[in-house]
Amino acid sequence: MAEKQIKTGIFGGAFNPPHNGHINLAREAIEQLNLRRLLIIPTFESPHKATKLAPFEQREEMCRRAFLPLDGSGKCDCRIEISDIEREMGGVSYTINTIRELAKRFPGERFYLLIGGDMLFSFKEWYKYESVLKESTVCAIAREEDSFTDMVEFANQIGRVKVIPTSVVDVSSTRIREAISSGGDITELVPQSVAEYIAENNVFS
């Protein structure tokens, strides 16, 4: 009998900073997709975001603090890895290039690309988006209660996109940075270890 393919999730993003919404998304994707590996991939140089990013090393460390506690927790035995593959590759971080490099490093694994609802609606603007659809299973995570139906309809138009409903965690990286700049409290928005790192290293200050 042929060995079953390992189901590997790809969760990339600026993570500027990672927050409780990201963590919730990862946790529910692990359980609903029965992932065996989840690669957290901080963007090195985003083709989309105009916002200035914190240094890569800081975002990478915040990801370790945010996501590694999920390793082996919950209903599924899933290994969490923080990957610096996009820094190694250098240049603008196009998703299709990352997927193809991962396919070389993890031959035979089946890749599930996790994206948020906001990214789904702009998906056709992605570089070589049709190749992304062919070379991975795109999983759009519904983070807002009223967006699920619209996401399913849009996904059906594109084809080859799976929409996953999740419980809502109302937080964004932009909101966190704004709170930091105004001296607000972010302890309800990010894990304690991430809040401590931001304060100790004056990230976003």
> Within the distance-only criterion (no hydrogens, no angle test), does the side chain of Lys7 pair as donor or acceptor with the backbone N or O of Leu33 below 3.5 angstrom?
Replying inline: yes

>> Show the nearest heavy-atom pair for residues Leu120 and Phe154, with the distance to one decimal.
In response: O-CE2, 3.1 Å

> Measuring from Asp185:CG to Leu189:CG, what's the distance to the nearest 0.5 Å?
Replying inline: 7.5 Å

> Between the main-chain N or O of Gln58 and the side-chain N or O of Asn201, is there a donor-acceptor pair closer than 3.5 Å?
Replying inline: no

>> Assess whether a salt bridge exists between Arg87 and Glu60, defined as any Lys/Arg side-chain N lying under 4.0 Å from an Asp/Glu carboxylate O.
In response: yes

> Hey, mind stepping through Phe15 and Thr43 against side-chain contact (heavy atoms from CB on, under 4.5 Å) and telling me if it holds?
Replying inline: CA-CA 8 Å; Phe15 300 120; Thr43 299; over 6 Å; no

>> Under a 3.5 Å distance rule, please check whether Arg177 uses its side chain to pair with a backbone N or O of Asn16 as donor and acceptor.
In response: yes

>> Run Leu114 and Ile10 through side-chain contact (heavy atoms from CB on, under 4.5 Å) and show every step you take.
In response: CA-CA 6 Å; Leu114 310 182; Ile10 302 171; over 6 Å; no

> Do any N or O atoms from the side chain of Arg175 and from the backbone of Asp170 form a donor-acceptor pair under 3.5 angstrom?
Replying inline: yes

> How are the rings of His22 and His19 set to each other: parallel, tilted or perpendicular (split at 30° and 60°)?
Replying inline: parallel

> Are side-chain heavy atoms of Tyr197 and Pro17 found at a separation under 4.5 Å?
Replying inline: no

> What's the shortest heavy-atom distance between Glu188 and Asn20, and which atoms?
Replying inline: O-ND2, 3.1 Å

> Which distance, rounded to the nearest 0.5 Å, do you find between the CG of Asp118 and the CE of Met151?
Replying inline: 8.5 Å

> With hydrophobic residues grouped by side-chain heavy-atom distances under 4.5 Å, do Ile115 and Phe44 end up in a single group?
Replying inline: no

> Do Arg36 and Cys78 have side chains that get closer than 4.5 Å, going by heavy atoms?
Replying inline: no

> Heavy-atom distance under 4.5 Å between the side chains of Arg37 and Glu109, does that happen here?
Replying inline: yes

>> If you apply the rule side-chain contact (heavy atoms from CB on, under 4.5 Å), what do you find for Leu38 with Thr8, and how did you get there?
In response: CA-CA 6 Å; Leu38 178 59; Thr8 297; over 6 Å; no

> So, are Lys134 and Glu130 salt-bridged, with charged N and O less than 4.0 Å apart?
Replying inline: no

> So, Gln192 and Thr187: side-chain donor and acceptor under 3.5 Å apart, yes or no?
Replying inline: no

> Nearest heavy-atom pair of Pro191 and Ile23: which atoms, and what distance?
Replying inline: CG-CD1, 3.3 Å

>> Measuring from atom CZ of Arg65 to atom CD1 of Ile82, what distance do you get when rounded to the nearest 0.5 angstrom?
In response: 12.5 Å

> Donor-acceptor pair, Ser136 side chain versus Phe111 backbone, under 3.5 Å?
Replying inline: no

> Measuring from Ser131:OG to Trp126:CH2, what's the distance to the nearest 0.5 Å?
Replying inline: 13.0 Å

>> Please report the interatomic distance CD1(Ile40) to CZ(Arg59), rounded to the nearest 0.5 Å.
In response: 13.5 Å

>> Ignoring hydrogens and geometry beyond distance, is a side-chain donor-acceptor pair present between Glu45 and Ser93 at under 3.5 Å?
In response: no

>> Between Val138 and Val132, does the side-chain contact (heavy atoms from CB on, under 4.5 Å) criterion hold? Intermediate values first, please.
In response: CA-CA 8 Å; Val138 177; Val132 174; 4.1 Å; yes

> Which atoms form the tightest heavy-atom contact between Met62 and Ile198, and what is the distance?
Replying inline: SD-CG1, 3.7 Å

>> Test your reading of the model: is there a side-chain donor-acceptor pair from Arg160 to the backbone of Leu133, 3.5 Å cut-off?
In response: yes

> Quick one: are Ile96 and Tyr127 in side-chain contact, heavy atoms under 4.5 Å?
Replying inline: yes

>> Between the side chains of Glu81 and Arg79, is the shortest nitrogen-to-carboxylate-oxygen separation below 4.0 Å, so that they form an ion pair?
In response: yes

> If you look at every heavy atom in Ser46 and Val92, which pair is closest and at what distance?
Replying inline: C-CG1, 4.5 Å

>> I'd like to check Tyr112 versus Arg110 (side-chain heavy atoms, cut-off strictly below 4.5 Å). Are they in contact?
In response: yes

>> Between Glu135 and Lys128 (salt bridge meaning N to carboxylate O under 4.0 Å), is one present in this structure?
In response: no

>> For a 4.5 angstrom cut-off between non-hydrogen side-chain atoms, does Pro18 reach Val190?
In response: no

> Are any side-chain N or O atoms of Thr166 and backbone N or O atoms of Glu28, one a donor and one an acceptor, separated by less than 3.5 Å?
Replying inline: no

>> Between Tyr94 and Phe56, is there shared hydrophobic-cluster membership here, with clusters defined by ILVMFWY side-chain heavy atoms closer than 4.5 Å?
In response: no

>> Once rounded to the nearest 0.5 Å, what's the spacing between atom CZ of Phe204 and atom CD1 of Ile186?
In response: 8.5 Å

> Any donor-acceptor pair under 3.5 Å linking the side chain of Asn156 with the backbone of Val152?
Replying inline: yes

>> If the threshold is 4.0 Å, N to carboxylate O, is there a salt bridge linking Arg64 and Glu61?
In response: yes

> So, Ser83 side chain and Ile85 main chain: donor-acceptor pair closer than 3.5 Å or not?
Replying inline: yes

> Do Thr95 and Tyr129 come close enough that some side-chain heavy atom pair is under 4.5 Å?
Replying inline: no

> Of all heavy-atom pairs between Thr98 and Glu86, which one has the smallest distance, and what is that distance?
Replying inline: OG1-OE2, 2.7 Å

